Asks: 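The following block contains the structure, expressed as structure tokens.
Values in this document were obtained by computation on a predicted structure and should not be read as measured data. Below, all heavy atoms of this structure are taken into account, side chains as well, without hydrogens, waters or symmetry copies. Every number for a ligand or one of its atoms is a count from 1 in the order of the listing. We're numbering straight along the sequence, starting at 1.
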Amino acid sequence: MTKYFDNPLERLAPEGVKVPAELRVGAVRITPATVLAPMAGVTDTVFRRFIREMGGCGLLMTEFTSADGVVRWRDATAKRYLHFFEDERPISSQLFGSHAESLAEAARRIEAHGFDMVDLNLGCPAKKVVKCNGGSGLLRDLPAIRQIFEAVRKAVKIPFTVKFRAGWSEDELVFRELARMAEDCGLDAIAMHARTRMQGYSGQAHWPWIAELKTLVKIPVIGNGDIRSPEDARAMVAETGCDAVMIGRAAASNPWIFRQIAEHTATGTYTVASREDRYQMIRRYFSLLVEEGHPGAIGRMKQFASWFTHGVEGGARLRKAIYDSREARQILDEVDRFFLAPKLLEDAAAEGDATRTVEAMSPGCYDSDNCNG
Ligand SMILES: Cc1cc2nc3c(=O)[nH]c(=O)nc-3n(C[C@H](O)[C@H](O)[C@H](O)COP(=O)(O)O)c2cc1C
């Protein structure tokens, strides 16, 4: 994947511009106006609660879920996959699919399950999803999208939103028609990742498209793409006038980002996590995974170790030790040893900081053929 994340644009906003304190989507109050982006393989209940606990995130979103799957599941399976805790509210459940009836039925079940909002995914670039016309595949079939909008709108009372990419390619931009259609069909808000499907994650997100959306519709517009810091969040609001910001990858490597945005909004400055904060955060997240009896706990720990140690001096050494570990306990021991042993720190400093070259976060299954969502 292109490592644009290592080479951000310098984004500046005029004094006084702030990320809004509140967004209303239908009857749901989102305070502040910040949203954790849906991320397959990342935003499960453990990660969502972890972000909520850190503070500053107004709305949590689930990973995308197959509408056909939701419709097929028996009660026990649905309970397992759709489970969330009360402290995750407000929470939106994201669905993908291509059949209006199945999406409408899935949305009904999502509402019955107690979610505050339901969202439709029109952005997933995974070939397996696109092949069945789901995710960004639907971007080439606006009449089908209208049918889905109408069917889901009729099926539920909770706010219904859509998250999309700007179009299939630069030559097939549909965000303008799509936004108007969403408003016509009674959707409560729209969120756009300002890239095309063909772009994948390369290049920069094109924020002027988000600004254009704001001139086209009255329903709230949530801006998404390439926010890496509180300064970026403010700059997106300044450049686009969006009603809320949505953050994905940066939340996985810097789970404090929402809290930092809130602090920045309140005081104009924000606290950068210390090494000790990072240590406590990794321990806390890993213990949540273990307590939860998360079936893939070890895999998740390994995956998150690489994101969480971005910017930590000598982090490459810890990542290697974690990758070589086979048990959760061993991983926790490695984390303790790394953060608590000053000798290792000195060695790492002497070797030079291997983590300065930050690896971009891979969208994993979301961006490949193996998507099983
Ligand atoms: C690992 C990963 C999984 C993702 N899964 C989803 C998903 O399930 N649904 C969705 O709408 N977008 C998904 N996305 C896209 C993000 O929600 C977001 O639109 C994108 O990462 C751009 O935002 P960012 O620059 O803040 O990361 C995923 C992205 C990543 C990196």
Asks: Return yes if a side-chain donor-acceptor contact under 3.5 Å exists between Glu276 and Gln280, otherwise no.
Replies: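 Note: Glu276 and Gln280 side chains meet the donor-acceptor criterion.
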Asks: Quick one: does Glu88's side chain have a donor or acceptor within less than 3.5 Å of a partner on Leu60's backbone?
Replies: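 Absent.
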Asks: Below 3.5 angstrom, do we get any N/O pair linking Ala40 and ligand 1?
Replies: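 There is such a contact, yes.
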Asks: Decide whether an N or O pair under 3.5 Å exists between Phe64 and ligand 1.
Replies: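 Yes; at least one N/O pair falls below 3.5 Å.
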Asks: Give a yes/no on ligand 1: does Gly225 have at least one heavy atom closer than 4.0 angstrom to it?
Replies: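 Distance cut 4.0 Å: Gly225 passes for ligand 1.
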Asks: If the cut-off is 4.0 Å to any non-hydrogen atom of Lys163, which atoms of ligand 1 fall inside it?
Replies: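 Under 4.0 Å from Lys163, ligand 1 has these atoms: 10 (C), 11 (O), 12 (N), 15 (C), 16 (C), 17 (O), 18 (C), 19 (O).
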Asks: Does NZ or CZ of Arg165 lie under 6.0 Å from the centre of the six-membered ring of Tyr201, at an angle within 45° of the ring axis?
Replies: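 Yes, Arg165 lies over the aromatic ring of Tyr201.
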Asks: Where do Glu239 and Trp207 come nearest, in terms of heavy atoms and distance?
Replies: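 Result for this residue pair: OE1-CE3, 3.4 Å.
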Asks: Taking 4.0 angstrom as the limit and counting only heavy atoms of Arg249, give me the atoms of ligand 1 inside it, by number and element.
Replies: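 Near Arg249, meaning under 4.0 Å from one of its heavy atoms, ligand 1 has 21 (O), 24 (P), 25 (O), 26 (O), 27 (O), 31 (C).
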Asks: Report, in ascending order of atom number, the atoms of ligand 1 lying under 4.0 Å from any heavy atom of Asp226.
Replies: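 Counting from 1, the qualifying ligand atoms are 24 (P), 25 (O).
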Asks: Does Glu111 use its side chain to pair, donor to acceptor, with the backbone of Ile158 at less than 3.5 Å?
Replies: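 Judged by distance alone, yes, a pair lies under 3.5 Å.
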Asks: Return the minimal non-hydrogen interatomic distance between Gly56 and Ala262, and the atom names on each side.
Replies: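 Minimum heavy-atom separation between Gly56 and Ala262: CA-CB, 4.4 Å.
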Asks: Does any donor atom in the side chain of Ser169 or Glu172 lie under 3.5 Å from an acceptor atom in the other side chain?
Replies: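 Side-chain D/A pair, Ser169 to Glu172: present.
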Asks: From atom 19 (O) of ligand 1, work out which of Ile257, Leu36, Ile227, Asn224 has a heavy atom at the shortest distance.
Replies: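 Nearest option to atom 19 (O) of ligand 1, by heavy atoms: Asn224.
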Asks: Can you list the atoms of ligand 1 that are under 4.0 Å from a heavy atom of Asn121?
Replies: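 Ligand 1 atoms under the 4.0 Å threshold to Asn121: 9 (N), 10 (C), 11 (O).
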Asks: Report yes if some N/O of Arg195 lies less than 3.5 Å from some N/O of ligand 1; otherwise report no.
Replies: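 Between Arg195 and ligand 1, no N or O pair is found under 3.5 Å apart.
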Asks: N/O to N/O below 3.5 Å, does that happen between Ala37 and ligand 1?
Replies: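 Between Ala37 and ligand 1, no N or O pair is found under 3.5 Å apart.
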Asks: Quick check on Tyr201 - does any of its heavy atoms sit under 4.0 Å from an atom of ligand 1?
Replies: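 It does, in that a heavy atom of Tyr201 comes within the 4.0 Å cut-off of ligand 1.
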Asks: Are Lys163 and Asp119 within salt-bridge range, i.e. N to O under 4.0 Å?
Replies: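 Salt bridge: no.
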Asks: When you measure from the centre of the six-membered ring of Phe84, is the NZ or CZ of Arg48 under 6.0 Å away and within 45° of the axis?
Replies: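 Because its charged atom misses either the 6.0 Å distance or the 45° angle limit, Arg48 does not stack over Phe84.
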Asks: Go through ligand 1 atom by atom and flag the ones less than 4.0 Å from a non-hydrogen atom of His193.
Replies: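 Selected atoms, number and element: 19 (O), 20 (C), 22 (C).
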Asks: Within ligand 1, which atoms have a heavy atom of Gly248 less than 4.0 Å away?
Replies: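 Selected atoms, number and element: 24 (P), 26 (O), 27 (O).
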Asks: Short list, please: which atoms of ligand 1 are under 4.0 Å from a heavy atom of Ile247?
Replies: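 Those qualifying, in numeric order: 26 (O).
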